[in-house]
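Model, not experiment: these values are computed from the prediction. Both counts, for ligands and for their atoms, begin at 1 and track the order of listing.
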Amino acid sequence: MDFRVCSLFSGSSGNATYIGTEKTHILVDAGVSMKNIIAGLKQIGVEGRELNGILVTHEHSDHIKSVGAISRKFDVPVYANKETWEAMESQIGAIAAKNQRIFDNSMDFYIQDINVQPYEIPHDAADPVGFSFYFQNKKISITTDLGHTNNKIIKAVMDSDLVILEANHDIDMLMAGPYPIYLKKRILGKKGHLSNVDSGNALLEMIKGKVTHVLLAHLSKENNYPQLAYQTVVEILENNGVKVGRDVLVDMTYRDRASNFYHIG
Ligand SMILES: [Zn+2]
Ligand SMILES: [Zn+2]
C-alpha cells in the first residue's frame, strides 16, 4: 500500500491537489472548474464519485471555486475550520448538513485511513491553514499561501517525506511588473505569499528533517516562471551544500495541468 499525491492544478489562477491511498481519495482545495478537476482526477484513475472529502485551506476564490459544486454532485463532505466555513459559506452555495465538517486547527482527524493534521499559516484570510497527511509511516505536507514561515510551520513540515511548498513570485519581476502598488505590498507582506528566495530558504530548514521530495507550488502567472522558481530554489540549496537530485528531488507543479503523480511507500 502506498501514499499518493498529485498536484492537479497549482497557481494564483486556481489550486487542487489529490492525496490518496488505495482506499481513500481526498482533494485539498477545489479552485478551478469542476470539469477541469474531474478531468484531472480521471488522468490519475480517480472518479469524482470516489472522493471521500474536500479539505479547504482558506476561502480565497483560487481555492474554493468548485468546492460546492463537487460536494453537491458527488455527495462529498467538505472539511474546513469554523472561520473558513463562515467566510466561504456565501460563495460556495448550500452544502448538505451531513457534508459540513468543521475541524479545529489544533486537533488531528481521520478521513478513512489518512490522518490529517492542520496547522496555522500567516496569510490574509479568515483562518488559513496548511495540512500534513499521515498514512502508515509516510507523511506528505502542503503549505501554500503564506507570507512568511516560522518555527511552528518548519516543525510541522520537517519530518515529511514529500513537501508541497509555495514559490509564488520573483521579487524583481513583481516589483517591475504591472500590479498596483497596494497589491505588490500585499503579496510581499507578512501575510502575503512566499517569494522564490523565501521558499529556498524555508526548504533549507525543512530538509534538515527527512524530506526527500519537494514540489514547488502556487506560482504567480504574472510574476514568476517555472524555470526561474526552480533555478532560484536549487541555487539556494546547492550553495548551502545540498545536492539536488541526490539529497532531495525538486519538481514543479503547473497552473494548467497535473504534476507528476507520486507514489510514496
Ligand atoms: Zn491561493
Ligand atoms: Zn490565498
Quiz item: In this structure, are over 12 heavy atoms from other groups packed under 6.0 Å from Lys191 atom NZ?
Solution: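 Counting other residues, nucleotides and ligands, NZ of Lys191 stays at 12 neighbours or fewer.
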- Message: Exactly one of His58, His169, His63 should register a ring-ring contact (aromatic ring centres under 6.0 Å, His included) with His218. Which one does?
- Response: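 In the set His58, His169, His63, the residue that makes a ring-ring contact (aromatic ring centres under 6.0 Å, His included) with His218 is His63.
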Counting no waters, what protein N/O/S atoms lie under 2.8 Å from the Zn ion (ligand 2)?
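N, O, S partners closer than 2.8 Å: His58 NE2, His60 ND1, His123 NE2, Asp145 OD2.
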Flag the pair [X] and [Y] as a salt bridge only when some basic side-chain nitrogen lies within less than 4.0 angstrom of an acidic carboxylate oxygen.
X: Lys98; Y: Asp75; value: yes
X: Lys82; Y: Asp127; value: no
X: Lys42; Y: Glu47; value: yes

So does Val163 get a backbone contact from the side chain of Ser160, meaning a donor-acceptor N/O pair under 3.5 Å?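 Absent.
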